[in-house]
Every structure is written in C-alpha cells, then in structure tokens.
Amino acid sequence: MLDTSKGGFTPEKQAPSPLDYFKSAISDEIRYVSEQKDAGRGIVGFYCEFTPRDLIMAAGATPICLCGTSQNTISHAEALLPSNLCPLIKSSFGYALTGGCPLLNDSDLLVAETTCDGKKKMYEILSRDKNMHVLELTQKSDKDRAFKHWLAEVEELKQKLEQTFQVDITEQKLRAAIKSMNEERRLILAIQELGQHKPAIVSGYEIAQTRYRVAGFSKHHEQMKSFLDMAENRLTQGYQAAPADAPRVLLTGCPTGHGTEKLIEIIEECGGVVVVQEACSGIKGVYEEVSEQGDPLEAIARKHFNIPCSCMTPNKGREDLLRKLARDYQADAVIDLVWQACHTYNVESVLINEFVRNELGLAYLKVETDYSSSDREQLKVRVQTLLELAQ
C-alpha cells in the first residue's frame, strides 16, 4: 500500500492468526454477549457438557460455558468455601463472589448440572442471587429407566427455558438448533482429529487454545476454519510441531481451560506431544453428534446421556473411548489428570490405570494437581520419567 504522505510504502496490516485470536477470544465473547443481551436475546450460563446447548439455542438464547479456569479467583472462594475443594469449583465460585466475569453477570439463567457433590452445594449458594435451574443427572449409564429419568429432566429444562424467555420451543426450532450445533461440533472435532497426524503438525497446546466459551458465535467458526487451513498448509510444507519420534500422549481425566494448561505445557516441554484430550475440554463432548432423525428432544437427551463422565456408574463408555482414541491417535502413553478433590475421577483412576496397562498395553501416569504452579518442577520429573518409559 503506497503511503504518499511519507513518500514510501506502508506494509499491509496482517490479520491475526487463529491462535492469536483464540488466546484473546474472551474480549470478543464479552462484547458479543453484551450485544446479544442489548438486542433482547436471552443468556444462559452453565458449567458442564451435560447441558444441551442445542436446547438453549432453540429457545433463542445464547449458551455460555462458565467454568472457572483462573487461579486468581480461588482465594476469594476460599474465604467462604473449604480450601480442600476442587479448583474448578473454587475458581467458578470466586468469579461469582467478585463479580469479575461479565459473562456470568449477563446470564439470565444458570443451569446447574448435578455431576458432583461440590457443584451441587455451590449451586445452592449461587441460587440465593441467581436464577437457577437444577438439571438432575442420572448416575446409571446402562439402564432404560435411567434414560427415561434423564429425558424427563431435559423436558423440564425445555419448560424452564420457555417460561424464562416467554417462547415456544417448537420441533422446527429444535431441528434447526441441532443442525447448527452439529456443524459446530464437526469443526471442533476436525481440530481434535489433527492430532492423528504423525509426525504431529499441531501441538496439544495449540489445539487446547481453540477452546472457547460462547456457542453459536460465527466468528469462532471462521477462526476454527482458519486454524484448519493453517494446519493444512503446515502439512503441505512438511512442518513438524514435534519430532517424529516424540512420545505421543493421550491426556484423559479432568478438563483443562485457558490458564490451566500446565500439564499440557509440561508434557510438551519434556519432549512429548499431547495428540488428543479425552476430557470434556477435548474430544468427549463432540465425539458424538445429535441425531437429526426421529424425535429431536429425545435425540438431544440421548447424545448427552452418552457422555462417558466419571460421575456415571459403571463408566464403561470411557474405556471404550480411550481404546478407540489410543488406536486412532497412535498413543504411546496415557496421562490421567485429576484436579485435587475431584473424587470421582480420582477413584476411577484405579480402574483406568488397570485398563490402560493391561488392555491397552501403554504406559500410564496419574497426576493429581491444582491450578497453581507450585508443583511444576516435581511434575516435570514424573512426566519425563514416563516419557522415557514410553519411548
């Protein structure tokens, strides 16, 4: 571009890379949600993959995942909650106490999923100031009557959304929302599947950066497509995000988020590469689509009922998913991330350890940690030892 005022050339302003975008996407999300609210659109916050975004979108509202992933709000929560509590709960509650999350502040309704006892009791406290709907999750994963109970809970959420936003959620609206969310899931899944390349063309840390909070935001969709284009260019150019012989790690267990990628960073600093996250923050929530056939509300309920979370008993679906991921992503080792005081994942790690070692024949490491960096050097030693065993 010719700049005649200076008698020379001014370089074209380059568009930010998709990685740069997602690292700072929160500012765009806050702005977008504020605009949606000003336009009269409902805002629904939730804390778990079991809440159907499709159903919220069918009500004409905007779904927002509000999980806390900041160490900074934990101390505020500990002034009221026990210190020996999951950091995700404390971080989430700290945001509510401080009012530091505009997305939470703008929410007209919070959906409370009963996935763990800590969350359930946190929701009771939040309900004193927030419009709350409890979505009771059945604990049995293989019983017909359990699904009937869950379907009734999803139907009750539909009624709550209709009452809150004075809308009628029709079959047509449900089908349109399902189609839209399935397209979004396919984009997320396509990014997750980039980890199947060997040698790796993207790092686990890079894939983790593409997580976001607000569903149905077209700008996110555009940037995910740009990320996929970037990966395709890397493949064409022979780019390697890690050496061909780098140990390939399947990360399972608790979800991560922006600011809590400590373990992913350590694995890749030690010479490994995280090829896939089985967790809710990775592939678990998008591995299955909502069926676009049959009764749409039942299809929404069925997809979410099938999520293999550790709160389910038995949780054979997690083993089935790990088996397939280990094969498809050519994993050399499995690392099981457990946030401190997350009892369901911590206890289930006994079964996962046996499954990974005995059935998959892979090296296994359980890491119990929190959001702080105090144990970073200790974790490096443990991860390095595992990666040496996996080579």
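It should be emphasised that the depicted structure is a prediction, and the values quoted were computed from it without experimental measurement.
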>> Show, in sequence, the C-alpha distance, side-chain angles and deciding distance for Arg31 and Asp28, and conclude whether the salt bridge (charged side-chain N to carboxylate O under 4.0 Å, His left out) test is met.
In response: CA-CA 5 Å; Arg31 189 180 310 110; Asp28 286 292; 3.0 Å; yes
> Would you find a donor on one side and an acceptor on the other, under 3.5 Å apart, between the side chain of Gln139 and the backbone of Leu137?
Replying inline: yes
> Can you find a heavy atom in the side chain of Asp142 that is under 4.5 Å from one in the side chain of Pro314?
Replying inline: yes
> Under a 4.5 Å cut-off applied to non-hydrogen side-chain atoms, are Phe147 and Lys140 in contact?
Replying inline: no
> Which atom names give the shortest non-hydrogen contact between Pro87 and Gln340, and what distance separates them?
Replying inline: CD-O, 3.5 Å
> Does a donor on one side chain and an acceptor on the other come within less than 3.5 Å for His220 and Glu29?
Replying inline: yes
> What distance do Ile201 atom CD1 and Gln196 atom CD have between them, rounded to the nearest 0.5 Å?
Replying inline: 10.5 Å
>> Regarding Arg41 and Thr62, do their side chains bring together a donor and an acceptor under 3.5 Å, going by distance alone?
In response: yes
>> I'd like to check Arg323 versus Leu360 (side-chain heavy atoms, cut-off strictly below 4.5 Å). Are they in contact?
In response: yes
>> According to side chain to side chain contact (heavy atoms under 4.5 Å, CB included), who are the partners of Ser75, at least two apart in sequence or on a separate chain?
In response: none
> Which heavy-atom pair separates Tyr371 from Gly68 by the least distance, and what is that distance?
Replying inline: OH-O, 2.9 Å
> Quick check: does any side chain N or O of Gln223 sit under 3.5 Å from a backbone N or O of His221, one acting as donor and the other as acceptor?
Replying inline: no
> Counting only N and O atoms by type, is there a donor-acceptor contact under 3.5 Å from the side chain of Arg248 to the main-chain atoms of Gln330?
Replying inline: yes
>> By the definition side-chain hydrogen bond (donor to acceptor under 3.5 Å, both in side chains), identify the one residue from Arg186, Arg185, Lys303 that meets it with Glu289.
In response: Arg186
>> Tell me the closest heavy-atom pair linking Leu109 and Leu161, and the distance in Å.
In response: CD2-CD2, 3.8 Å
> Any idea which heavy atoms bring Val44 and Ala61 closest together, and the distance?
Replying inline: CG2-CB, 4.0 Å
> So do Phe93 and Leu126 actually touch side chain to side chain, heavy atoms under 4.5 Å?
Replying inline: yes
>> How long is the straight-line distance from SG of Cys101 back to CG of Leu66, given to the nearest 0.5 Å?
In response: 5.5 Å
> Is there a donor-acceptor pair under 3.5 Å between the side chain of Thr69 and the backbone N or O of His258?
Replying inline: yes
> Which residue pairs pass the ring pair (Phe, Tyr, Trp, His ring centres under 6.0 Å) test with at least one member in residues 36-72, sequence neighbours excluded?
Replying inline: Tyr47-Tyr123
>> Can you tell whether the side chains of Arg318 and Asp336 come within less than 4.0 Å, N to carboxylate O?
In response: yes
>> Tell me whether Lys90 contacts the main-chain N or O of Ser83 through its side chain, where contact means a donor paired with an acceptor under 3.5 Å.
In response: yes
> Is a salt bridge present between Glu222 and Lys225, judged by a nitrogen-to-oxygen distance below 4.0 Å?
Replying inline: no
>> Between Lys160 and Glu156, does any NZ, NE, NH1 or NH2 come within less than 4.0 Å of an OD or OE carboxylate oxygen?
In response: no
> Any side-chain heavy atom of Leu104 sitting closer than 4.5 Å to one from Ile64?
Replying inline: no
>> I'd like to check Tyr21 versus Lys219 (side-chain heavy atoms, cut-off strictly below 4.5 Å). Are they in contact?
In response: yes
> Between Glu162 and Lys158, does at least one N-O distance fall below 4.0 Å, as a salt bridge requires?
Replying inline: yes
> Quick check: does any side chain N or O of Lys262 sit under 3.5 Å from a backbone N or O of Asp370, one acting as donor and the other as acceptor?
Replying inline: yes
> Just how far is it from atom NZ of Lys284 to atom CD1 of Ile307, taken to the nearest 0.5 Å?
Replying inline: 8.5 Å
>> Looking at Leu88, is its backbone amide N or carbonyl O close enough to the side chain of Ser92 to form a donor-acceptor pair, meaning the two atoms are under 3.5 Å apart?
In response: yes
>> Hydrophobic clustering (ILVMFWY, side-chain heavy atoms < 4.5 Å, transitive) - are Ile56 and Val290 grouped together?
In response: yes
> Got Thr369 and Leu379 here, is their nearest side-chain heavy-atom distance under 4.5 Å?
Replying inline: yes
> Are Glu269 and Arg376 within salt-bridge range, i.e. N to O under 4.0 Å?
Replying inline: yes
> With a 4.0 Å cut-off, would you call Lys120 and Asp117 a salt bridge?
Replying inline: yes
>> I need the minimum non-hydrogen distance between Gly282 and Arg211, along with the two atoms involved.
In response: O-NH1, 4.2 Å
> What's in the same ILVMFWY side-chain cluster as Val381, cut-off under 4.5 Å, chained through other members?
Replying inline: none
>> Apply side-chain contact (heavy atoms from CB on, under 4.5 Å) to residues Ser180 and Met57 and explain how you reach the verdict.
In response: CA-CA 9 Å; Ser180 177; Met57 292 173 68; 3.5 Å; yes
>> Just so I know, are the side chains of Met181 and Asp54 near enough to count as touching, which here means a heavy-atom distance under 4.5 Å?
In response: yes
>> Ignoring hydrogens, what is the shortest heavy-atom contact between Pro52 and Leu157? Give both atom names and the distance.
In response: CD-CD2, 3.9 Å
> Roughly how far, to the nearest 0.5 Å, is the OH atom of Tyr364 from the CG atom of Leu386?
Replying inline: 10.5 Å
> Is it true that Leu97 and Met132 fall in one hydrophobic cluster, defined by side-chain heavy atoms closer than 4.5 Å?
Replying inline: yes
